[in-house]
Amino acid sequence: MSGQDWLDKDFYAVLGVSKDADAQEIKKAYRKKARQYHPDRHPDDPKVEETFKEIGEAYSVLNDPEQREQYDAIRAMGSGGARFSAGQGGPGAAGFEDIFSSMFGGGHGAPRGYPAGGGGGANPDLDDLLKMFGGQAGGGFGGGGPAGFQPGPSKGQDISARTKISFRDAALGTEIRLTVDGKAVTARIPAGVHDGQKIRLRGKGRPGPGGGPAGDLLLTLDVEEHPVWSADGANLKITVPVSFDEAVLGTTLSVPLLDGGTVSVKVPAGTPSGRTLRVRGKGLKTSKRTGDLHVTVQVAVPSHVEGKAKKAVEDLREALAGEDPRAGLAAAAAG
């Protein structure tokens, strides 16, 4: 964050606290705002992610007494209309010319290499001002300069990345290794993640200036489709073919599970194609809950029959001649 940002941004307003708020009030406000605008609660809203970053920036400054003092001083100078021209400071007040006089040993006026302000004067760029103070642009006054201020540590920048994982790894959880910003990163993927989900890996971002904590890595997951399995939240879904006689007479199926086991599922007699049977507790196991297994029955119709099989179907058709599976369809469609 540049020094000019400190002048432009009202961190107190970002956290919703007054300028005389104590450390406890600031911490309480930060926690409330962070929960409200956490990206994990709004995965599809990029504006919320930006707001979350602003909340973190505000707290990193206001939570540090030294940085807060520097920030308040900079804001006070900005709101007070500080200029390079002489005469800004009234009795008992130190203007920029007093600072320049004490620092550079000169009389009134601007230091060498910087023109004095005109009648109206323009606001100086704060980064240039900080450089004159012996520091560097960005985040508070620079260390080692005549002003004697040291920049406080601040959190490093967050970075974003994408990676592709298999459906099985997304469902069961896994550990992956990837390269981000030229460095190797190991990430633990929790069980039950879905396609497009973003997970925050704390401390995996860029190093923090001044020895501050590293930023976070926001990792977007692209989950590959599986030919058999799909998921709806923590519920695992599979479609299982059954023969015509199994659907009519009923049967018990041995259905595979994602972990390699099987489970027995009873198909009642007269089950139509497309009906879903639920097996409790056999879905995905996440940190929050265990889902169910949804088994959708699909009646397999033979593409070719002859001989005894054909005769049996014809006999069945005669036996069911009085039944019309489409009864009432026309009336319902016209309604």
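Keep in mind it's a predicted model, so treat the numbers as computed, not measured. In this chain, residues are counted from 1 in sequence order.
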Q) Stepwise, does the side chain to side chain contact (heavy atoms under 4.5 Å, CB included) test hold for Asp195 with Leu221? A) CA-CA 6 Å; Asp195 184 52; Leu221 302 175; over 6 Å; no

**Q.** Thr262/Leu257 under side chain to side chain contact (heavy atoms under 4.5 Å, CB included): CA gap, chis, key distance, verdict
**A.** CA-CA 5 Å; Thr262 60; Leu257 296 175; 5.6 Å; no

Q: Mind running side chain to side chain contact (heavy atoms under 4.5 Å, CB included) on Val223 and Ile165 for me, showing each step along the way?
A: CA-CA 5 Å; Val223 180; Ile165 60 175; 4.2 Å; yes

(Q) As a quick check of understanding, evaluate side chain to side chain contact (heavy atoms under 4.5 Å, CB included) for Val295 and Arg278, giving each step before the final call. (A) CA-CA 6 Å; Val295 180; Arg278 182 171 64 174; over 6 Å; no

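With Asp158 as the fixed residue, the salt bridge (Lys or Arg N to Asp or Glu O under 4.0 Å) test singles out one of Lys53, Arg200, Arg202: Arg200. With Asp222 as the fixed residue, the salt bridge (Lys or Arg N to Asp or Glu O under 4.0 Å) test singles out one of Arg162, Lys198, Lys164: Arg162.
Looking at Glu246 and Ser243, their side chains do bring a donor and an acceptor atom within 3.5 Å of each other. In the model, Thr276 has a side-chain atom that pairs as donor or acceptor with a side-chain atom of Thr296 under 3.5 Å. For the 3.5 Å distance criterion, the side chains of His226 and Glu224 fail to qualify, holding no donor opposite an acceptor.
Remark: the backbone N or O of Phe11 is not paired with any side-chain donor or acceptor of Glu54 at under 3.5 angstrom. A donor-acceptor pair under 3.5 Å is absent between the side-chain atoms of Glu49 and the main chain of Pro46, judged by distance alone. No donor-acceptor pair closer than 3.5 Å links the side chain of Asp181 to the backbone N or O of Lys183. A donor-acceptor pair is defined here as one N or O able to donate and one able to accept, closer than 3.5 Å; no such pair exists between the side chain of Thr179 and the backbone of Gly182. The backbone N or O of Gly203 sits less than 3.5 Å from a side-chain atom of Asp216, completing a donor-acceptor pair. Formation of a donor-acceptor pair under 3.5 Å by the Arg168 side chain with backbone atoms of Leu258 is found in this model. When atom types are taken as modelled, the side chain of Thr51 and the backbone of Lys47 share a donor-acceptor pair closer than 3.5 angstrom. No donor-acceptor pair under 3.5 Å is formed between the side chain of Asp292 and the backbone N or O of Asn235.
The environment of Lys308 atom NZ is sparse: at most 12 non-hydrogen atoms of other residues, nucleotides or ligands sit within 6.0 angstrom. At most 12 non-hydrogen atoms from other residues, nucleotides or ligands lie less than 6.0 angstrom from NZ of Lys282. Other residues, nucleotides and ligands contribute at most 12 non-hydrogen atoms within 6.0 Å of the NZ atom of Lys27. Atom CD of Glu225 has 12 or fewer neighbouring heavy atoms from other residues, nucleotides or ligands inside a 6.0 Å radius. The number of heavy atoms from other shown groups lying within 6.0 Å of CZ (Arg188) is above 12.
In the hydrophobic cluster analysis, where Ile, Leu, Val, Met, Phe, Trp and Tyr join through side-chain heavy atoms closer than 4.5 angstrom, Leu249 is grouped apart from Leu253. Leu218 and Ile199 are assigned to two separate hydrophobic clusters, defined by single-linkage of ILVMFWY side chains at heavy-atom distances under 4.5 Å. Both Val263 and Leu236 are members of a single hydrophobic cluster when ILVMFWY side chains are connected at heavy-atom separations under 4.5 Å. Note: the hydrophobic cluster containing Val228 also contains Val299 (ILVMFWY, side chain heavy atoms under 4.5 Å, direct or indirect links). If you chain together hydrophobic residues whose side chains sit under 4.5 Å apart, Val242 and Phe244 never meet in one group.
Of all heavy-atom pairs between Pro256 and Ile238, the closest is CG-CD1, 4.1 Å. What you find for Lys237 and Asp232 is that their closest heavy atoms are CD-CB, 4.0 Å. Across Leu201 and Ala187, no two heavy atoms sit closer than the pair CD1-CB, 3.4 Å. Here the shortest heavy-atom pairing between Ala29 and Val17 reads CB-CG1, 3.5 Å. When all heavy atoms of Tyr59 and Ile26 are compared, the closest pair comes out as CD1-CG2, 3.9 Å. When all heavy atoms of Ile55 and Tyr37 are compared, the closest pair comes out as CD1-CD1, 3.7 Å.
Aromatic rings of His38 and Phe52 (six-membered ring for Trp) have centroids within the 6.0 Å cut-off, being under it.
Atom CD of Gln197 and atom CD1 of Ile189 lie 9.0 Å apart (nearest 0.5 Å). The CG atom of Asp40 sits 14.5 Å away from atom CZ of Arg35, with the distance rounded to the nearest 0.5 Å. Taking CD1 from Ile176 and CG from Asp169, the interatomic distance works out to 8.5 Å, rounded to the nearest 0.5 Å. Atom CG of Leu62 is separated from atom CG of Leu15 by 5.5 Å, given to the nearest 0.5 angstrom. A distance of 5.0 Å separates CD of Glu323 from CG of Leu320, quoted to the nearest 0.5 Å.
Under a 4.0 Å N-O distance rule, the pair Arg68/Asp64 does not qualify as a salt bridge. Using a 4.0 Å cut-off between charged side-chain N and carboxylate O, Glu57 and Lys9 make a salt bridge.
Side-chain contact check for Lys310 versus Glu314: some heavy-atom pair is nearer than 4.5 Å.
Between Tyr71 and Tyr12, the ring planes are tilted. Angles from 30° to 60° get that label.
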